[in-house]
Visitor: 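Just passing along the structure, written as structure tokens.
Atoms considered below: every heavy atom in the structure, side chains included; atoms not considered: hydrogens, waters and symmetry mates. Every number for a ligand or one of its atoms is a count from 1 in the order of the listing.
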Amino acid sequence: MLMRNSLLWLAGNSTLRRQVMRSRLVRPLAGRFVAGETAEQAFATVAQLNRQGALVTLDYLGENVSSAEEATATRQMYVGLLDEIARRGLKCNVSLKLTALGLDISRTLCETNLRAILDTAQRHDNFVRLDMEGSDYTQITFDIFEQMFVAENRKNVGMVIQSYLYRSAADIERLNQLQARVRLCKGAYNEPPSVAYPQKSDVDKNYIALTRRLICDGNYPGLATHDSAIIDWVKQFTREQQIGRDRFEFQMLYGIRRDLQQQLIKEGHNLRVYVPFGEAWYPYLMRRLAERPANLFFILKSLRHK
Ligand SMILES: Cc1cc2nc3c(=O)[nH]c(=O)nc-3n(C[C@H](O)[C@H](O)[C@H](O)COP(=O)(O)OP(=O)(O)OC[C@H]3O[C@@H](n4cnc5c(N)ncnc54)[C@H](O)[C@@H]3O)c2cc1C
């Protein structure tokens with residue numbers, strides 16, 4: 001827990017970020033979790049995953065941008081990605097963070113950028129997932145989601161719910177009522193016990209309870225986890241309840257539990273891989289290290305063999 005908290009704290013440390021990103025040793029190692037720095041590299045990965053039978057969601061890395069120019073550049077990147085996904089016929093949607101579209105600068109700027117992306121996705125009959133960030137952003141993400149989905153009747157957008165937050169059961173009831181598409185994950189940020197379960201066993205228990213609600217009453221949920229006990233529970237539950245495999249999808253991160261990804265595809269499950277790319281890989285890498293500090297040893301071992 002101490003290691004997890006320290007790594008998540010370091011994820012927000014800009015001095016370390018500059019040093020790590022300059023390091024010629026760590027840079028290639030980020031490649032275990034990140035599909036490259038350019039869109040072209042990302043498309044090659046998407047095509048390869050599609051050939052292996054996986055669906056993909058593409059994430060252009062970057063968060064908490066501090067200028068309108070950066071936010072607009074992110075929007076342009078996503079518009080280009082959606083055009084190119086359609087042109088190449090890839091089985092791929094996109095995931096984005098609202099703080100990458102300028103949420104820290106102004107809600108209006110963020111919504112304007114998001115609308116342009118949703119319009120493009122709509123034109124190509126594609127889908128946009130709003131990733132969920134730290135708990136300071138949960139309510140505003142929910143509000144912007146409802147503005148798009150309810151007030152503006154844009155149905156090609158979905159949200160993410162984190163099972164570590166106490167509020168998530170109520171959020172899922174609301175999203176099920178709306179028949180909105182939800183990705184369920186455990187949650188990757190450093191949260192205080194006032195808002196999130198401190199014990200991993202409670203987070204896992206809540207994940208199962210929320211999954212049950214989503215599978216029974218939700219709209220094609222994305223069950224984002226590498227936890228094989230939970231995945232086995234889902235398989236058994238859906239078998240018992242005679243719920244078809246077409247009613248939900250499993251989702252996993254690029255480079256993590258590839259064996260399990262292949263197994264699920266072989267068994268005929270829908271499996272979507274979350275593929276991040278771009279130059280701003282530092283906070284993403286630190287969150288992956290925090291989830292499994294053993295990854296640190298993998299990196300240190302590789303450094304020793306350089
Ligand atoms: C598709 C997808 C999208 C996500 N989107 C969000 C989001 O929008 N917001 C958010 O807060 N979080 C997001 N996450 C991250 C998520 O919240 C968890 O932090 C992460 O998935 C680890 O939790 P787990 O469910 O795999 O279970 P855990 O109990 O943490 O892990 C179960 C097993 O999975 C393997 N594993 C897990 N993580 C790693 C790793 N980093 N490296 C190697 N092996 C690992 C290990 O074998 C581990 O024993 C997303 C995750 C996925 C899969």
Visitor: Identify whether the distance between the nearest side-chain nitrogen and carboxylate oxygen of R129 and D131 falls below 4.0 Å.
Guide: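 Looking at R129 and D131, the cut-off is not met.
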Visitor: Under the ring pair (Phe, Tyr, Trp, His ring centres under 6.0 Å) definition, can you give me all pairs with a residue in residues 53-103, not counting sequence neighbours?
Guide: Y60-F277
Visitor: Could you please provide the protein residues found below 4.0 Å of ligand 1 on a heavy-atom basis, arranged by chain and number?
Guide: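 Those residues closer than 4.0 Å to ligand 1 by some heavy atom are D131, M132, V160, Q162, R183, C185, K186, G187, A188, Y189, K200, A224, T225, H226, D227, Q251, M252, L253, I256, R257, Y274, R288, E291, R292, N295.
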Visitor: Is it true that the NZ or CZ of R288 lies under 6.0 Å from the centre of Y284's six-membered ring and within 45 degrees of the ring axis?
Guide: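 Relative to the ring axis of Y284, which defines the angle, R288 lies inside both limits.
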Visitor: Please list, chain by chain and in numerical order, all residues satisfying side chain to side chain donor-acceptor pair (under 3.5 Å) with Q162, sequence neighbours excluded.
Guide: none
Visitor: Could I get the full list of salt bridge (charged side-chain N to carboxylate O under 4.0 Å, His left out) partners for K200, not counting sequence neighbours?
Guide: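 Result, salt bridge (charged side-chain N to carboxylate O under 4.0 Å, His left out) vs K200: D204.
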Visitor: For Q236 and D232, does a side-chain donor sit closer than 3.5 Å to a side-chain acceptor?
Guide: no
